[in-house]
Amino acid sequence: MHVLGYVCRNLYCNLSLSVPPPSPPSPQATQDELKASYRRLCMLYHPDKHRDPELKSQAEQLFNQVHQAYEVLSDPQSRAIYDIFGKKGLEVEGWEIVERKRTPVEIREEYERLQREREERRLQQRTNPKGTISVGVDATDLFDRYDEDFEEMPGGGFPHIEINRMHISQSIEAPLTNSDTAMLSGSLSTHNGNGGGNINMTVRRVTSAKGWGELEFGAGDILGPLFGMKVIWPSLHCNNCNCGMQFSPRGVRPSCSLMTARHLDQNTMGYLQWRWGPHSSMTTSVVRDTKTSHFTLALQLGVPHSYLMMSYQYKFQDEDQTKVKGSIKTGWFGTVVEYGAERKISRHSVLAATVSVGVPQGVTLKIRLARANQTYLFPVHLTDQLLPSAVFYATVGPLLVYMAIHRLVIIPYTCSQKQQDLELQRKSSEVDMVKKKQEAESAVRNTHTYYTQIKLYLVHVTNTTGLIILNAWYGKFVTDNSARQERAQVIDVTVPLQCLVKDSKLILTEASKAGLPGFYDPCVGEDKSLKLLYQFRGVMHQVLSADTEALRIPKQCKYTTTTQPLYNHNSTVTTTIS
């Protein structure tokens with residue numbers, strides 16, 4: 001049933017050996033039986049025992065299979081997964097983050113959950129759904145009603161706010177073959193009671209690693225049928241060709257566009273685009289994108305619009321990926337200045353707000369929420385004129401609302417969810433932690449005599465020139481006014497650490513210290529540290545190390561014996577012990 005058993009049953013015929021293989025272990029085999037069988041197989045099928053090149057190659061493959069099988073069967077969780085689901089169960093992604101103390105029933109439930117998530121990810125990758133919902137709000141009555149030239153409307157003193165436009169678009173992909181993909185998209189739009197929609201179908205064929213072609217067919221209730229073709233071909237630069245034909249009651253409308261791009265330097269791209277059709281134009285732009293900023297400069301000459309645009313975006317290097325941006329755009333239509341910011345509010349969500357001030361467009365507040373592949377836009381038109389009050393409220397209002405929601409809703413909710421997760425984690429690991437605590441206490445008792453002998457040797461024989469661990473604590477450290485809570489979440493690890501000292505050196509690798517002999521996790525799910533006070537060559541030092549941080553004491557430097565500084569590896573000397 002096991003991989004070892006499978007390898008054992010097939011070794012004789014694969015290697016054509018004259019010696020029959022040992023009997024495979026049963027599914028109920030103990031770890032000692034597995035280890036004994038593993039050693040026998042390694043000795044029997046080691047590649048160095050075969051001189052024939054072909055047999056040696058086969059032996060090497062089987063030797064690796066035996067090693068992989070033993071890695072699976074020697075781990076209790078992997079063995080349980082294999083016993084229940086076979087080799088296919090081990091191929092499911094996500095087992096590495098599952099707690100390693102599950103029962104067979106819990107493992108089966110976890111396997112089914114991981115399988116569902118895997119199928120959902122695979123479906124989403126295949127269909128790649130994208131959508132946009134835009135809701136335009138007309139809120140000009142908030143500010144224009146106070147203008148002297150505004151004619152007061154009858155019907156009360158409340159401002160009239162309405163939704164004057166909406167737009168919904170959605171697209172999905174369906175792979176046909178390894179090189180062909182079909183895309184279906186549609187959109188609906190309405191503005192002041194009038195609207196329309198269209199539906200498009202596109203077939204894409206990948207012709208090379210960098211090139212592909214597209215055929216597009218569309219139909220709408222306003223412009224009529226559409227036929228288009230798009231080609232991307234590889235070269236030293238990026239080339240894009242797009243041709244189309246629009247059939248409408250006014251006749252056939254052909255259109256064409258060409259675009260080429262090239263790298264100006266490592267972080268800068270230059271683009272040149274030409275359009276021919278109902279809106280003919282020539283556009284050139286330069287885009288520079290670095291780790292901390294994004295800059296765009298574009299110039300368009302065309303009919304009916306020509307403009308010059310410049311934008312700059314600064315990227316903060318924080319966990320929320322905060323960005324602030326500003327742009328100015330001027331042309332035949334007027335001048336528009338935009339500024340705003342965006343921030344990541346969750347793992348898959350980004351919230352952005354932009355204020356647009358222009359002549360003759362007025363003042364507009366644009367709010368955008370991006371959730372995975374879905375985008376929600378809310379442009380709020382505040383006034384048709386340049387009113388300082390509208391600019392002020394459009395700038396300060398969203399900022400105050402976000403700060404209030406973030407402080408009153410998001411932070412409490414996040415803390416509550418984190419606390420619930422910690423409670424569930426502690427409850428599920430309670431039995432295992434009790435067992436590990438007993439094992440750690442037993443290890444400390446067994447090594448206490450050895451610890452005493454080491455300390456006496458260092459004090460009397462080496463004259464305290466060696467490394468002596470005076471005190472060591474492991475766990476979550478809190479403020480001094482919470483000493484009771486601190487004692488409840490910190491354990492004494494002086495004895496285990498002193499036993500790990502070799503040649504007056506203590507070296508700990510980058511891994512959780514909860515797995516060290518004599519250690520256990522006193523506060524599951526919390527950030528832990530190791531704090532120790534040690535003496536080396538008569539001088540006392542203090543070290544505070546993170547849980548997964550590598551530690552080496554003493555540091556590679558010369559110590560003096562005339563003073564007794566309390567040394568912190570992460571900072572300068574802080575105090576002195578008398």
Side-chain angles (χ1 to χ4, degrees), residues 127-134 136 164-177 179-208 210-235 237-261 271-285 298-309 329 331-334 361 375 377 379:
T127 59
N128 192 23
K130 297 179 182 179
T132 301
I133 297 178
S134 178
N164 61 351
R165 65 175 63 192
M166 291 187 66
H167 175 78
I168 300 175
S169 64
Q170 186 72 32
S171 67
I172 58 173
E173 297 181 0
L176 303 178
T177 64
S179 58
D180 297 333
T181 304
M183 293 170 284
L184 184 66
S185 62
S187 64
L188 292 172
S189 300
T190 177
H191 179 54
N192 292 331
N194 300 318
N198 63 75
I199 184 170
N200 293 347
M201 182 176 180
T202 305
V203 178
R204 174 187 295 173
R205 162 159 286 193
V206 178
T207 58
S208 65
K210 298 181 180 179
W212 70 86
E214 292 182 359
L215 289 178
E216 181 180 5
F217 306 90
D221 59 351
I222 298 178
L223 298 178
L226 168 69
F227 172 76
M229 182 175 63
K230 184 177 182 180
V231 178
I232 306 290
W233 70 92
S235 66
H237 316 303
C238 177
N239 298 285
N240 184 333
C241 177
N242 193 349
C243 300
M245 275 192 181
Q246 183 79 53
F247 300 90
S248 66
R250 299 180 182 179
V252 179
R253 288 181 162 184
S255 63
C256 182
S257 68
L258 294 172
M259 187 194 73
T260 181
Y271 299 90
L272 183 62
Q273 186 174 21
W274 172 76
R275 293 188 186 94
W276 173 76
H279 303 285
S280 300
S281 64
M282 177 71 78
T283 306
T284 179
S285 59
L299 173 64
Q300 175 175 304
L301 300 175
V303 178
H305 295 302
S306 297
Y307 66 83
L308 175 66
M309 188 271 292
K329 186 176 182 180
W332 305 128
F333 53 83
Q361 291 82 1
T375 303
L377 299 173

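Start at 1 with the first residue, then count along the sequence. Values below: every heavy atom of this structure, side chains too, minus hydrogens, waters and symmetry copies.
For the atom pair OG (Ser187) and CD1 (Ile168), the distance works out to 10.0 Å, reported to the nearest 0.5 Å. Note that the CE atom of Met166 and the OG1 atom of Thr190 stand 8.5 Å from one another [nearest 0.5 Å]. The structure places CD1 of Ile133 at 11.0 Å from CG of Leu188, a figure rounded to the nearest 0.5 Å. Put simply, OG on Ser281 and CH2 on Trp274 are 10.0 Å apart, with the number rounded to the nearest 0.5 Å.
Here the side chain of Gln170 pairs a donor or acceptor atom with the backbone of Lys130 at under 3.5 angstrom.
Counting non-hydrogen atoms of neighbouring residues, nucleotides and ligands closer than 6.0 angstrom, the CE atom of Met282 exceeds 12 such neighbours.
A search for side chain to side chain donor-acceptor pair (under 3.5 Å) contacts involving Ser255 returns nothing, not counting sequence neighbours. Here Ser134 pairs with nothing under the side chain to side chain donor-acceptor pair (under 3.5 Å) rule; sequence neighbours left out. Among residues two or more places apart in sequence or in another chain, the salt bridge (charged side-chain N to carboxylate O under 4.0 Å, His left out) test is passed with Arg275 by none. The side-chain contact (heavy atoms from CB on, under 4.5 Å) search around Glu214 returns Met183, Thr202, Arg204, Trp212, Lys230, not counting sequence neighbours. In terms of the side-chain contact (heavy atoms from CB on, under 4.5 Å) criterion, residue partners of Phe333 (sequence neighbours excluded) are, by chain and number, His305, Tyr307, Lys329, Val336, Gln361. Under the rule for a side chain to side chain donor-acceptor pair (under 3.5 Å), the partners of Ser306 that lie at least two apart in sequence or sit in another chain are Trp332. Listed by chain and residue number, His167 satisfy the side-chain contact (heavy atoms from CB on, under 4.5 Å) test with Ser189 (two or more places apart in sequence, or in another chain). Looking at residues two or more places apart in sequence or on another chain, you find a side-chain contact (heavy atoms from CB on, under 4.5 Å) between Thr284 and Leu272, Leu299. Contacts of Asn200 classified as side chain to side chain donor-acceptor pair (under 3.5 Å), with partners at least two apart in sequence or in another chain: Glu216.
Heavy-atom minimum distance, Ala298 versus Leu308: O-CD1, 3.4 Å. Residues Pro254 and Val252 come closest through the heavy atom pair CD-O, 3.4 Å.
Evaluation of the salt bridge (charged side-chain N to carboxylate O under 4.0 Å, His left out) test over residues 179-193, restricted to residues two or more places apart or in two chains, returns Asp180-Arg205.
Residues Thr181 and Val206 form no side-chain contact, since every pair of their non-hydrogen atoms from C-beta on lies 4.5 Å or further apart.
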